[in-house]
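Just so it is clear, the values below take in all heavy atoms, side chains as well, and ignore hydrogens, waters and symmetry mates. Just so we're on the same page: letters track the sequence lines, and every chain starts at 1.
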Number of protein chains: 4
Amino acid sequence: MQSRSSAPRTGRPRSVEADEAILAATRAALVDLGWSGLTLGDVATRAGVAKTTLYRRWAGKNELVVDAVAALFDELELPDRGTLAADIEGVVLQFAAILARPEARSGLLAVLAESTRDDALRERIRTSVVDRQKRLVLEGRARAQARGELPPESDPSTADRTVNLIFDMVAGAVVHRTLVSAEPVDEPWARSFTRVLLLGLPAAASHP
Amino acid sequence: MQSRSSAPRTGRPRSVEADEAILAATRAALVDLGWSGLTLGDVATRAGVAKTTLYRRWAGKNELVVDAVAALFDELELPDRGTLAADIEGVVLQFAAILARPEARSGLLAVLAESTRDDALRERIRTSVVDRQKRLVLEGRARAQARGELPPESDPSTADRTVNLIFDMVAGAVVHRTLVSAEPVDEPWARSFTRVLLLGLPAAASHP
Amino acid sequence: MQSRSSAPRTGRPRSVEADEAILAATRAALVDLGWSGLTLGDVATRAGVAKTTLYRRWAGKNELVVDAVAALFDELELPDRGTLAADIEGVVLQFAAILARPEARSGLLAVLAESTRDDALRERIRTSVVDRQKRLVLEGRARAQARGELPPESDPSTADRTVNLIFDMVAGAVVHRTLVSAEPVDEPWARSFTRVLLLGLPAAASHP
Amino acid sequence: MQSRSSAPRTGRPRSVEADEAILAATRAALVDLGWSGLTLGDVATRAGVAKTTLYRRWAGKNELVVDAVAALFDELELPDRGTLAADIEGVVLQFAAILARPEARSGLLAVLAESTRDDALRERIRTSVVDRQKRLVLEGRARAQARGELPPESDPSTADRTVNLIFDMVAGAVVHRTLVSAEPVDEPWARSFTRVLLLGLPAAASHP
DNA sequence: GCATAAACGAGACGGTACGTCAGGTCTTGAA
DNA sequence: TTCAAGACCTGACGTACCGTCTCGTTTATGC
């Protein structure tokens, strides 16, 4: 959002309710209208706020939606389910549940589309959304290593690359299944996916 | 696009050059301006065509861009490289090369974003883009089975689900790496990805 | 309309029904839609004719409407009612009856408006509509002179100017009353008008 | 124009310069392009104003042109020239001078043409243009009665009808001469017209 | 009687203007 | 200084007509 540690200590202070009202209104508008139908004027009206107030805080539609959507992903957690496979299945289902919500579906992809031409926006997304979820992979790996399901990493840079790879594989598969193939990510799918991820394609294919 | 099997054989026929000129102009505009900067008026001007001609053929920006982008993916092939691993690496790199082109990057995601609220558009994407590439998975599997790298499928419905799963995993990982993580899909990455996909995460992690 | 004295003696001859069908359709469209709502495409459809056929005969909306409206005024006559006053009243009422028809109202004024910037159109209107009605003034004067109600003209050029003046006064007053003031031209008004025209304002005002 | 007695006292007030700039631009565009060539987009550009600003104030071309043209007629006056005949001649020439201006010519007729199908527009014209000039007839009559050139009116309703009649006769004749016959209203014509109006047709014809 | 040539219907074409809408900025007066 | 309100400029939207241009078809004449 906006950091202003350097205090503007004079004049009327900014309304603190306004910020959350705007984000909530943005999410509501995303549900009702989708990304392309979302209007900053409409968001302002829903939030009971003037357009000026909105622009004083965010630079435009993209930035606003990133912030509105980012919060959704913060609820992801990795409860210890005892095995690596169960942990993966759990986080896959959690992630899919978030992507099933209409405010996330179109908002996320649209903002990603914009980010392909706007480096600042990409950075914002990376910080606000993507990188914050990599903790799940790290945590899962550490837990699996403690359980002996995975070997301790030898080379730190290799280990880092592997984290990114796994993150892309898990997140990518869930996003693709949900938003591109438009099929539900249910328990059977999560189980099959985990099986392939852990055992490899030939082993997973040999016995269902 | 538009099926015209039922022939309106009267009146001046539609210009056949116009269709391709418009699609080419669309791709060019995507490169120059990206999705959000793309204007149908501008596309028409670039194509040397009136805006009405464009609207006579496509309902709007989304439909036009789907058609313009879909053609890009038709060049994907699966040359026989001798092993399943090599085949996968090859197609991953091809796919990534297409996604690296600017006319594909923002266009594809944006259209996917819209499709989350527009069933007709989703269906159009599925037929024009997604389903047409599943052939690669089918072909690769058949070849691997012939080589003995994969067992023959037992149950056809299970086999079908597996095709979809693998497709989501491969395409999803590449898309996520390229467009979300915004990192290059190069040969090392392709090799690592294939290794995990074929051997499973623990085996792949144990020895680099 | 269009002169075809120079004969194109070969090829398919122009449909004679088309001409009248188009003019009739134009008048019908004027009634339904008024000048500004009238489209040549609609006229063509109403006439059961292709747009090309229409443009082969008329250069545009203005020319077409002039021809369509001009015919309406040809039905004006000057039956001998015995006195100059009665003759004037009669023609005033006839003229007003024509102007009361919706196909004449907006069509005539609109075409006149265009004619203020288009000399060819003005000439066409003058020939097709205006000058053809001056005969009424000439006929009425001749009849009144025969009856001894008006003196024989002394100077031909003065006489000519007077014809134009009277024409402007009669036509102008009726048009203004009908289309600008938007009040009906009924018998009492025609009587009052004729009284002022023949006796002069003071005499007409003194005794009703 | 638009009544704003009911005050929206909040928000940014409407620019007062814009109103007059738009009307002036409209008159200029009428001179350059005529009614049919006049574009609201062009008017906006000339006025240095956005199209939306224009549409916020006027519903369309017709309403705008009525307002732009109406002001032209407000400069009509009736200076006392000593006799009724001289007064009439004076006002006839003034009126003709206005109608000779290109911004009045096509604009006025075109708007009248539209008014034949649009009651609201007709009412607007009546109040903005027509009725405001009837004062000249009333004033002229009062002055002539004071001079003894006209008898005092006996019946008020008859007198009222006569005012309307004379107004239609004077305005109609000048409009018809100027815009339909497309001949100049010069002093000789004004003199002849006044002669017929005051003495009646036979008397005026007998001696030039 | 059969070729020629123009007219015909249909409808696509390049244009231009329309009137609306959203984005983002600016100007009020009140808090 | 912020706020709500709303006017402002900009520029794209999708539609409607314009007048022109192919098409394939029809219809009188003239060789």
Side-chain angles (χ1 to χ4, degrees), chain A residues 8-15 18 36-45 47-61, chain B residues 8-18 36-45 47-61, chain C residues 7-16 18 36-45 47-61, chain D residues 8-16 18 36-45 48-61:
Chain A
R9 129 189 74 266
T10 173
R12 173 172 171 174
R14 289 196 178 168
S15 157
S36 66
L38 183 150
T39 294
L40 294 200
D42 179 62
V43 169
T45 305
V49 142
K51 253 199 308 178
T52 340
T53 302
L54 202 155
Y55 278 104
R56 211 171 280 122
R57 290 162 159 81
W58 286 276
K61 202 166 159 171
Chain B
R9 91 189 102 281
T10 177
R12 176 172 173 176
R14 291 199 176 164
S15 158
V16 283
E17 299 97 3
S36 66
L38 183 150
T39 291
L40 293 202
D42 178 63
V43 169
T45 304
V49 142
K51 229 182 352 159
T52 38
T53 300
L54 205 154
Y55 277 106
R56 209 173 281 120
R57 290 164 160 80
W58 286 278
K61 206 166 156 172
Chain C
R9 131 185 76 265
T10 175
R12 175 174 173 175
R14 290 195 178 167
S15 158
V16 283
S36 66
L38 183 151
T39 56
L40 295 200
D42 179 63
V43 169
T45 304
V49 141
K51 249 196 317 174
T52 342
T53 302
L54 203 154
Y55 277 105
R56 209 172 281 122
R57 291 162 160 79
W58 286 276
K61 203 166 157 172
Chain D
R9 93 190 103 280
T10 177
R12 176 173 172 176
R14 291 199 177 163
S15 158
V16 283
S36 65
L38 183 149
T39 293
L40 293 202
D42 178 63
V43 168
T45 305
V49 143
K51 235 185 344 163
T52 36
T53 300
L54 203 153
Y55 278 105
R56 206 173 285 120
R57 291 162 159 78
W58 286 278
K61 206 165 155 171

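Mapped onto DNA chain F by nearest heavy atom, D/Gly48 and A/Ser15 fall at different nucleotides, with A/Ser15 at the one closer to the 5' end. Residues A/Gly41 and B/Val49 each lie close to DNA chain E; by heavy-atom proximity, the contact nearer the 5' end of the strand is made by B/Val49.
Rounded to 10 degrees, the angle between the two end axes of the helix from E/dG1-F/dC31 to E/dA31-F/dT1 is 10°, with five pairs used at each end.
Listed by chain and number, the residues in a side-chain contact (heavy atoms from CB on, under 4.5 Å) with B/Ser36 are A/Glu114 (sequence neighbours excluded). Considering only residues two or more places apart in sequence or on other chains, C/Arg56 meets the side-chain contact (heavy atoms from CB on, under 4.5 Å) condition with C/Arg14, C/Thr52, C/Thr53.
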Between the protein and nucleotides 19-21 of chain E, list every N/O to N/O distance that falls short of 3.5 Å.
unit_1, atom_1, unit_2, atom_2, d
E/dG19, OP2, D/Tyr55, OH, 2.4
E/dG19, O5', D/Tyr55, OH, 3.3
E/dG19, N7, D/Lys51, NZ, 3.0
E/dG19, O6, D/Lys51, NZ, 3.1

Report, one pair per line, the protein and nucleotides 26-28 of chain F atoms (nitrogen or oxygen only) whose separation is under 3.5 Å.
unit_1, atom_1, unit_2, atom_2, d
F/dT26, O2, C/Arg12, NH1, 2.8

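Within the structure, a side-chain polar atom (N or O) of C/Arg57 is placed less than 4.0 Å from OP1 or OP2 of E/dC8. Phosphate proximity of F/dT2 to A/Thr53: absent, as no side-chain N or O sits under 4.0 Å from OP1 or OP2. B/Arg56 has a side-chain polar atom (N or O) that falls below the 4.0 Å cut-off from OP1 or OP2 of E/dC13.
Here E/dC18 presents its C1' atom at 18 Å from CH2 of D/Trp58, a figure rounded to the nearest Å. Between the C1' atom of E/dA22 and the CG atom of A/Asp42 lies a distance of 11 Å, rounded to the nearest Å.
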For residues 38-45 of chain C, which side-chain donor-acceptor pairs fall under 3.5 Å, sequence neighbours excluded?
unit_1, atom_1, unit_2, atom_2, d
C/Thr39, OG1, C/Asp42, N, 3.2
C/Asp42, OD2, C/Arg46, NE, 2.8
C/Thr45, OG1, C/Gly41, O, 2.9

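Residue-level contact check: D/Leu54 touches neither bases nor backbone, having no heavy atom under 4.0 Å from any strand.
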